[in-house]
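Working notes for the structure below.
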Amino acid sequence: MTGADEPATPEVVAVTGAGGFIGSHLVEALVARGHRVKALVHYNGLGSYGWLDTVPPAHLDRVEVIAGDIRDRGTVQRLVADAGVVYHLAALGGIPYSYLAPQSYVDTNVVGTLNVLEAVRTAGTGRVVVTSTSEVYGTAVSVPMTESHRLRGQSPYAASKIAADKLAESFHLSFGLPVVTLRPFNTYGPRQSTRAVIPTIISQLAAGVRRIELGAVNTTRDLLFVADTVAAFIAAGTAPGDAVLGETLQAATGQETSVAELVRRIAAAFGTTVEIAVADERLRPANSEVGRLVGDSALLRGRTGWHPAVTLDDGLKQTIEWFVDPANLARYRPERAV
């Protein structure tokens, strides 16, 4: 085929943090939509591409994997050079580790975001979607929480993400950068790290453990299945610019579930009961514990038409089915689910 008969070349998009839990799912979804994807994964001596290593090759036929570091300005500039949209998900997560190594969180989450914003500005990229987190709010002072809820850095991780959010805001206001900040509430699903509570519970139960080690069990979270979070990213990246540019939009279900209730639901799905043990290493310092998070996604729904499609029970079912596959469970250490 030549000329008018040739299919249009799919838009090139870039994803940072592509080897991570949410990033790998986003890459798959973008490929399914016909995009060519430049996927930045964290360089390591093992040559691992993170969770992209587990994705069927046919799902990655339009992916160029780039091993590098979000802290390296040159790598980021090469990544975004010809991309129409950049989805910036690269971040150092894991709240407990942020108490031990706060400098690492500033270097990755703040400086890394600065590198992305500067690269997008230089390249003239059409849009960058920056990933926030509901942790920037701290414990809810009013519910459901809207984008105007006060920000409170109750951990070094949260503080680094607040800083990144404010950098994105400043680049839009100062330079007219086409930024959208997406703030998902607590995402869960296949491939999630056992630093998060749902994989911790499931992986221990799947390994036959019946005495589950957790931190605080009365805290509540607004739980969003990963497919719905990915759909929110795509909505933020494709909505008309005048509807979303310069905005912070949060993805949430508007429902909260306690950790204790999660244990009950997941144990019931396994047809068993469990004993809960409090693990000191999973407890946050008293003033750092975020007791309640539940979000209002009316702004995102109104601007893009996005809405969560997966119920908690269905999402837990899909997540459990993935974890109990021996090949998947083998990637975890249930006895060290911290």
Side-chain angles (χ1 to χ4, degrees), residues 22 93 95 98 130-166 168-169 180-189 192 195-198 200-201 214-233 235-236 244 247-266 276 282-316 319:
I22 300 174
I95 292 168
S98 76
V130 173
T131 310
S132 181
T133 169
S134 56
E135 285 286 332
V136 301
Y137 295 129
T139 298
V141 295
S142 61
V143 293
M145 305 163 85
T146 69
E147 290 84 355
S148 61
H149 189 284
R150 66 101 168 92
L151 304 181
R152 191 180 190 198
Q154 286 185 224
S155 66
Y157 165 72
S160 72
K161 295 298 286 184
I162 291 171
D165 289 358
K166 288 300 181 181
E169 178 183 69
V180 186
T181 299
L182 182 69
R183 186 170 289 156
F185 275 64
N186 291 77
T187 300
Y188 71 97
Q192 188 172 25
R195 291 179 305 215
V197 67
I198 289 176
T200 296
I201 299 166
L214 299 170
V217 297
N218 294 321
T219 56
T220 66
R221 295 293 185 265
D222 189 325
L223 299 162
L224 191 65
F225 189 62
V226 65
D228 286 330
T229 299
V230 165
F233 272 104
V244 297
E247 297 284 356
T248 296
L249 307 168
Q250 59 188 29
T253 68
Q255 300 176 352
E256 57 186 322
T257 305
S258 70
V259 174
E261 173 64 11
L262 280 173
V263 174
R264 187 195 67 77
R265 289 195 188 200
I266 295 170
I276 299 176
R282 283 191 166 273
L283 291 172
R284 304 188 194 185
N287 291 330
S288 184
E289 183 61 70
V290 175
R292 190 181 187 193
L293 291 174
V294 55
D296 181 347
S297 60
L299 189 59
L300 177 63
R301 295 177 190 232
R303 299 292 177 88
T304 71
W306 173 89
H307 62 88
V310 182
T311 66
L312 179 58
D313 285 338
D314 285 345
L316 288 176
T319 305

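Keep in mind it's a predicted model, so treat the numbers as computed, not measured. The residues of the chain are indexed from 1 along the displayed sequence. Values below: all heavy atoms of this structure, side chains included; hydrogens, waters and symmetry mates excluded.
- Looking at every heavy atom in both residues, Val143 comes nearest to Val294 through CG1-CG1, 3.3 Å.
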Q: List the steps, then state whether side chain to side chain contact (heavy atoms under 4.5 Å, CB included) holds for Thr131 with Phe233.
A: CA-CA 9 Å; Thr131 310; Phe233 272 104; 3.3 Å; yes
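- In this structure, the separation between CZ on Phe185 and CG on Leu223 is 11.0 Å, given to the nearest 0.5 Å.
- Residues meeting the side chain to side chain contact (heavy atoms under 4.5 Å, CB included) test with Gln255, sequence neighbours left out: Thr253.
- Across all their heavy atoms, Pro308 and Leu224 have their closest contact at CB-CD1, 4.1 Å.
- Trp306 places none of its side-chain heavy atoms less than 4.5 Å from the side chain of Leu249.
- Using a 4.5 Å heavy-atom threshold, the side chains of Arg221 and Val290 count as touching.
- Annotation for Asn218: atom CG does not count as buried by contact number, only 12 or fewer foreign heavy atoms lying within 6.0 Å.
- Leu151 has its side chain within reach of Lys166: a pair of non-hydrogen atoms, C-beta onward, lies under 4.5 Å apart.
- Asn186 has its side chain out of reach of Ile198: every pair of non-hydrogen atoms, C-beta onward, lies at least 4.5 Å apart.
- Between the side chain of Glu169 and the backbone N or O of Thr248 there is no donor-acceptor pair closer than 3.5 Å.
- A salt bridge (charged side-chain N to carboxylate O under 4.0 Å, His left out) check over residues 141-165, counting only residues at least two apart or in different chains, returns the pairs Asp165-Arg183.
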Q.
Show, in sequence, the C-alpha distance, side-chain angles and deciding distance for Arg265 and Leu312, and conclude whether the side chain to side chain contact (heavy atoms under 4.5 Å, CB included) test is met.
A. CA-CA 10 Å; Arg265 289 195 188 200; Leu312 179 58; 3.4 Å; yes
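- Pairing each heavy atom of Ala236 with each of Val244, the nearest pair is O-CG2, 4.0 Å.
- Distance check: Leu293 CG to Glu256 CD gives 9.0 Å after rounding to the nearest 0.5 Å.
- At a threshold of 4.5 Å between non-hydrogen side-chain atoms, the residues Gln154 and Pro285 do not count as touching.
- Note: Ile266 CD1 to Ile201 CD1 = 4.0 Å, rounded to the nearest 0.5 Å.
- Counting heavy atoms from C-beta outward, Met145 and Asp222 have side chains that stay 4.5 Å or more apart.
- To the nearest 0.5 Å, atom NE2 of residue His307 and atom CG of residue Leu300 are 11.0 Å apart.
- Counting heavy atoms from C-beta outward, Arg195 and Ile95 have side chains that stay 4.5 Å or more apart.
- What you find for Glu289 and Ala216 is that their closest heavy atoms are OE1-CB, 3.8 Å.
- Side chain of Thr139 to main chain of Gly291: a donor-acceptor pair is present (N/O by atom type, distance under 3.5 Å, no hydrogens or angles).
- Here OG1 of Thr257 is found 10.0 Å from CZ of Arg264. Values are rounded to the nearest 0.5 Å.
- Atom OG1 of Thr220 and atom CZ of Arg292 lie 6.0 Å apart (nearest 0.5 Å).
- Nearest heavy atoms, Ala232 versus Leu182: C-CD2, 3.9 Å.
- At a threshold of 4.5 Å between non-hydrogen side-chain atoms, the residues Tyr188 and Val197 do not count as touching.
- Annotation for Ile162 and Gly153: closest pair CD1-N, 3.6 Å, computed over non-hydrogen atoms.
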